[in-house]
Protein chains: 2
Amino acid sequence: MEGYDKHAFEPFAVTVDLAVFTVRAGALHVLLIERGQEPYAGCRALPGGFVLPEESAETAARRELAEETGLSDVSGLHLEQLRTYSEPDRDPRMRVVSVAYAALLPDAPEPRGGGDAARAHWLPYDGLGPLAFDHDRILADARERIGAKLEYTCLATAFCPPEFTLGELQQVYETVWGSPLDRPNFRRKVLATPGFVEPVPGAARLTGGRGKPAALYRAGAATGLHPPLLRSAPASAPVPDAATHSASPSPSSSPSRSRSRSSSKGRSS
Amino acid sequence: MEGYDKHAFEPFAVTVDLAVFTVRAGALHVLLIERGQEPYAGCRALPGGFVLPEESAETAARRELAEETGLSDVSGLHLEQLRTYSEPDRDPRMRVVSVAYAALLPDAPEPRGGGDAARAHWLPYDGLGPLAFDHDRILADARERIGAKLEYTCLATAFCPPEFTLGELQQVYETVWGSPLDRPNFRRKVLATPGFVEPVPGAARLTGGRGKPAALYRAGAATGLHPPLLRSAPASAPVPDAATHSASPSPSSSPSRSRSRSSSKGRSS
DNA sequence: CGATTTATAGTCTTCCTGACCATTAAGGAG
DNA sequence: CTCCTTAATGGTCAGGAAGACTATAAATCG
């Protein structure tokens, strides 16, 4: 980072690639385009494009998000930088460095609008064939990142419409993590976290028909989640077993008597 | 990510910037260079450099790490991509996109060796003046990332030499987090986590002189830490208090008896 | 030697969570 | 209308993890 004039440097093309997720019908969906030309013609790929001369990558990502989804206002959507992919051979034509972003959408309207949006479609994450370039890896990284952030942030509400039920929120977790959660426990945890959700006063929604109507909630002001809401088995970083460890002396403390208190966490007025 | 031939695109310079950390004398130190020329002449900056035509950013980062530290073998060091900084005006001379990396070193030998290494020096993280370019922000992001990863990974051992005591490991946490930990509890947690550390059979080290010799440990095979070892107060994602949140139907429950105990983290007395 | 320092070994209590069971409030079948 | 099903909501209970200590062991220093 010094002496620009002295060293020769290669010019790179810089692009952004977007992993755009939504939850539809209980399944995780991704926004993909079908490539019309070589290389990888006919293959699916992540939406994306070049970073323009006067743009930051962040700006370019949000612009592309608007173009590809056809949505007029993407300012409220969650968009976060994932990481940058820069293998020299990741694009056979030339040297392209790509900054990947992950975005979350509440509902999943099929993209419509001019130009780019027409090419994009929602596809279920599971059962996707191979994607163009290194987009398989980008997409897998994106899913893992989102799954991890659900644990210790309030990000899940980004998948939900402005008003939602706790059942819908729970389904976000179950869909992204791919494992079911206990409903009462999930409820308890969410409601005990100050600022995660706030109830909509008199509202309730009939949940599609059968069953008791569910109360509606809005996203709260909190962004972090302490303590976190952990997945049972970590998908990304499996603890390598350590079969022969001799730790944990087992406390064997006398069983504490019934706890009458309700004990929520947030307080501390 | 399509039609390269049809669109004009701006060539960017791509660089890597390194936030290299170590723990020395109980304080977090960073490897910095002093710039010799404009812009920001005389300012401190993160080490870094251009990504070469046939390199990935990862490769470039490791090469720069070797060059700037003067170490002959950096293959075992922890190096992870942080994020990419691409504001159009971040370098006044030209359009430069920088991929930032964070690296962790066990001990902190003053860099020596040819060329680049001579410019680099360890400086305490606390009390640093402003850095060149947007390196303040990169450095702050790096520290936050490392602090967060200590919570849910076994990363802390990357700051330690091959054999270390639990006291040294604890000091890593305390230094990066900036808050003291209870020693017996820390011990219990680390030893109860399979694969975090493994004891070196007959070894013990006199801890600088006074006190009982501490047992030596090596880093284990585990990478993840479940359940995590949480900081008490999140520095990065402070729950926005939610002063006026009306959520959580309120457990009523008479205000849980004042916790008579100290409640602050540092031990009392 | 005793005092100090540091490592290590417990104890106890509280809080969080997973696994349940119970109740309420809707719709649908007969 | 009544019973059954479905889903939301409200509880209980036991076990585990973590915070807050107290106690003991093994070195060095004065």
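Computed from a predicted structure; not experimentally measured. So that the names make sense, note that chain A is the first sequence line, chain B the second, and so on, each numbered from 1.
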*Quick one: A:Leu229 CG to C:dC16 C1', roughly how many Å, whole number?*
12 Å
*To the nearest angstrom, how far is B:Gln170 atom CD from C:dA7 atom C1'?*
11 Å
*Give the nucleotide from the list D:dT12, D:dA26, D:dC21 with an atom nearest to the side chain of A:Arg188.*
D:dT12
_Gap between atoms CG and P, on B:Leu166 and C:dA9 respectively (whole Å)_ = 10 Å
_Any A:Arg183 side-chain N or O less than 4.0 Å from OP1/OP2 of D:dT9_ = no
*Can you check the A:Phe186 CZ to D:dG11 P distance for me, whole Å?*
19 Å
*Is the shortest side-chain N to carboxylate O distance from B:Arg231 to B:Glu144 below 4.0 Å?*
yes
_B:Lys189, nearest nucleotide to its side chain (from D:dG10, D:dA20, D:dA17)_ = D:dA17
*asked:* If you define the side chain from C-beta out and look only at heavy atoms, does anything of A:Leu79 sit under 4.5 Å from A:Leu77?
replied: no
*Minimum-distance nucleotide (side-chain atoms of B:Arg210 versus D:dA18, D:dC29, C:dC21)*: D:dC29
*Counting just side-chain N and O atoms, does A:Arg187 come under 4.0 Å of either OP1 or OP2 of D:dG10?*
yes
*Any idea which heavy atoms bring A:Tyr101 and A:Gln81 closest together, and the distance?*
OH-NE2, 3.3 Å
_Nearest whole Å is fine: how far is C:dG18 P from A:Tyr173 OH?_
13 Å
*asked:* Taking the cut-offs as 6.0 angstrom to the six-membered ring centre and 45 degrees off its axis, would you call A:Arg143 and A:Phe21 a cation-pi pair?
replied: no
*asked:* Side chain of B:Pro227, heavy atoms from C-beta onward: which of C:dC21, D:dA18, D:dA7 has the nearest atom to it?
replied: D:dA18
*Kindly point out which of D:dT9, D:dC21, C:dT8 is positioned nearest to the side chain of A:Lys212?*
D:dT9
*Using atom CG of B:Asp182 as one end and atom C1' of C:dT14 as the other, report the distance to the nearest whole Å.*
15 Å
*Tell me which nucleotide among C:dG18, C:dA9, C:dA26 gets nearest to the side chain of A:Asn185.*
C:dG18
